[in-house]
Amino acid sequence: MLWPSTPKLRPLLVFLSFLLLLLSPSTLAVTHSPPVSYTNTLIPQRADPHISKHTDGYYYFTATVPAYDSIIIRRSPTIQGLSSAPETTIWRRKSSGIGSNQIWAPELHHIDGKWYMYVALGVANEWRIRAFVLEGVGANPQTATWTEKGLINTDWDTFSLDAHHFQVNGTRYLVWAQQEPTRTDENSSLLLAKLLNPWTIQRPATVISRPLLSWERVGYKVNEGPATLQKNGKIFLTYSASATDSNYCMGLLTASVDADLLDPASWSKAPLPVFQSNGLTGQYGPGHNSFTVSEDGLSDVLVFHDRGYPNITGDPLNDPNRRTRVQKVYWKVDGTPDLGIPVPDGVTPVRLRSFSFPESYVRDYTGTSPSGAATLADTLFRVVSPGLAGGNTVSLESASRPGMYMRRSGTQIRFDAGNDSPSASFTKEASWMRKEGLADAKNGVSLEAAGATGQYLRVTGSEGGLVVAAVGGDSTQKGQATFYLE
């Protein structure tokens, strides 16, 4: 029987079924969280950045230095604090043998009470780069005693680097980049294996990705720099592809956490890059990322490097200006991460989510009304404070089109360029007074037009249409004029 015959139990079962529906994975997929506030560039001349938050409350940072001659660590109680935190060198290039040439892409992990540094090391006067492991004993990795555990012995003695450790359902894995001996026309594939201990893999390893798509093969045929993020019952594995110039970009592999991760069929590859150069924001060659978490633990944070210019003379590896940057990871309705675009220099942008239409966001558009589906980039804005009109005002500048400001034109909203010397009328029309949310004073915000008391920014529908209009005591109007910053 679908329902028991006792009438008194039926309402209870109906309620329980409704509760299960509310708690289903599909309804839990979207994660709304407060905005993060960091200033980019976080750290200049530090490539392949890795930031992790430890149980001691500190963030630990390590990265490739331009001279490729040492392993450094910084620590800070905040992500922004890493920008000026003292740097400790824990290991230096040797005079001969393994570790006497390149020192690339260190990655710090705390496993079973000890620190482990995964790093790629080269040999002087040879093109011989292999993945290596150091072990540190001590509460603070900056002052720990470090010893060499040695090379990671893989199935082949070939070019290998970018080892990344992660754990799923109690099982520890290592994923790394390596050249397959039967595919010498390609530079590196991604391999995966279980770990027997932090420096020993269970062989044979599994190839889970090869550089087969056109955007993975520009300059060099590369899959490298893997990093993982787990959420919504999935494991998301980002990686970097192509040459380390402006063609460098990021791809995405996805698998269920309950799948056999050593079965290549468990992984699906996104057909297009999920993060790439953006000329409008002035960011080029973003990649070799890691993930960390915001100080309040509510937001995932993307950590990556890029350059501020597209053209490089000579070998990109000889250009020292890859720099560390951070920005918030957003989540799509289907439960997958949306990395958007590499945002412009300066303070990280925010989104404004509608109170009345919970999955609708204020968006940048051309003309006087939006059209078509909005991308994440369309919904990112830099909050300029003080605003163009000065005083206690704020202005909203498009993150995807820097220099374009949200301004009122009568009752309509436009996004127009604010030049170096905007007119008095433009600065007033592009400025707003930030108020407590009219429909949610505790958590929401409302934007009152500067110089037009009682006139508020309002969203008119789920498509993202915006107007400036008075708000009376009507709860619908208050809801239309209330937003949540994310």
Side-chain angles (χ1 to χ4, degrees), residues 43-50 61-73 87-109 116-136 146-154 156-165 174-181 184 186-191 199 211 219-227 239-245 248 285 287-290 304-307 312-324:
I43 305 174
Q45 294 197 338
R46 291 294 179 265
D48 312 322
H50 186 265
F61 167 84
T62 187
T64 301
V65 301
Y68 304 139
D69 64 351
S70 59
I71 301 175
I72 56 89
I73 297 176
E87 202 166 77
T88 300
T89 298
I90 65 151
W91 201 84
R92 293 186 182 277
R93 178 186 289 159
K94 294 183 172 184
S95 59
S96 62
I98 186 73
S100 59
N101 201 345
Q102 299 93 341
I103 299 177
W104 285 354
E107 186 166 312
L108 179 68
H109 292 271
Y116 291 92
M117 187 73 76
Y118 296 94
V119 62
L121 299 180
V123 177
N125 304 314
E126 296 184 48
W127 180 252
R128 182 177 178 81
I129 295 171
R130 303 291 186 269
F132 196 88
V133 183
L134 304 173
E135 181 183 77
W146 288 92
T147 57
E148 298 174 6
K149 303 307 290 186
L151 293 172
I152 299 172
N153 291 315
T154 66
W156 316 302
D157 184 20
T158 60
F159 175 77
S160 63
L161 71 169
D162 298 350
H164 168 73
H165 162 274
L174 196 73
V175 59
W176 68 97
Q178 186 164 11
Q179 185 176 53
E180 298 181 64
T184 56
E186 296 171 352
N187 299 91
S188 60
S189 303
L190 294 181
L191 286 91
W199 60 92
Y220 291 97
K221 301 168 184 176
V222 168
N223 281 181
E224 66 179 21
Y239 64 94
S240 297
S242 290
T244 57
D245 53 19
Y248 207 51
H288 202 118
N289 75 290
S290 59
F304 63 100
H305 75 234
D306 73 6
R307 291 185 178 90
I312 299 169
T313 301
D315 188 341
L317 291 176
N318 294 329
D319 181 288
N321 292 320
R322 291 179 292 175
R323 69 269 177 95
T324 297

key: R130 (side chain) donor-acceptor with G122 (main chain) under 3.5 angstrom   = no
Side-chain (Q179) to main-chain (E186) donor-acceptor, under 3.5 angstrom = yes
request  = Please determine which of T244, N321, D319, D245 meets the side-chain hydrogen bond (donor to acceptor under 3.5 Å, both in side chains) test together with R307.
outcome  = D319
ask   = Are H305 and Y248 an aromatic pair by the rule of ring centers under 6.0 Å?
value = yes
S242 side chain to K221 backbone, donor-acceptor under 3.5 Å = no
query = Going by distance alone, is a donor N or O of one side chain under 3.5 Å from an acceptor N or O of the other, for E224 and S188?
reply = no
key: Backbone of A63 reached by a side-chain donor or acceptor of E107 within 3.5 Å   = no
query = Under 3.5 Å, is there a donor-acceptor pair between the side chain of S240 and the main chain of G287?
reply = no
inquiry  = Tell me whether T158 contacts the main-chain N or O of P181 through its side chain, where contact means a donor paired with an acceptor under 3.5 Å.
reply    = no
query = Would you call R323 and D306 a salt bridge, taking side-chain N to carboxylate O under 4.0 Å as the test?
reply = yes
key: Aromatic centroids of H109 and H164 separated by under 6.0 Å   = yes
Ring centre gap for F159 and W127 strictly below 6.0 Å = yes
inquiry  = Is it the case that the side chain of T324 and the backbone of R46 share a donor-acceptor pair, with hydrogens and angles ignored and the cut-off at 3.5 Å?
reply    = yes
request  = Only counting residues at least two apart or in another chain, list the ones meeting side-chain contact (heavy atoms from CB on, under 4.5 Å) with T64.
outcome  = A47, D48, Y68, W104, A105, P106
Candidate list L174, D162, L191, test side chain to side chain contact (heavy atoms under 4.5 Å, CB included), partner P226, passing option = D162
ask   = Is a side-chain donor or acceptor of N289 paired with a backbone partner of F304 at a separation under 3.5 angstrom?
value = no
request  = First locate atom OG of S96, then atom CG of N101, and finally report the distance between them rounded to the nearest 0.5 Å.
outcome  = 12.0 Å
task = Give a yes or no on whether the backbone of W91 and the side-chain of T89 come within a donor-acceptor separation of less than 3.5 Å.
result = no
With E135 via salt bridge (Lys or Arg N to Asp or Glu O under 4.0 Å) - residues at least two apart = K114
ask   = Is a donor on one side and an acceptor on the other found under 3.5 Å between the side chain of S100 and the backbone of A124?
value = yes
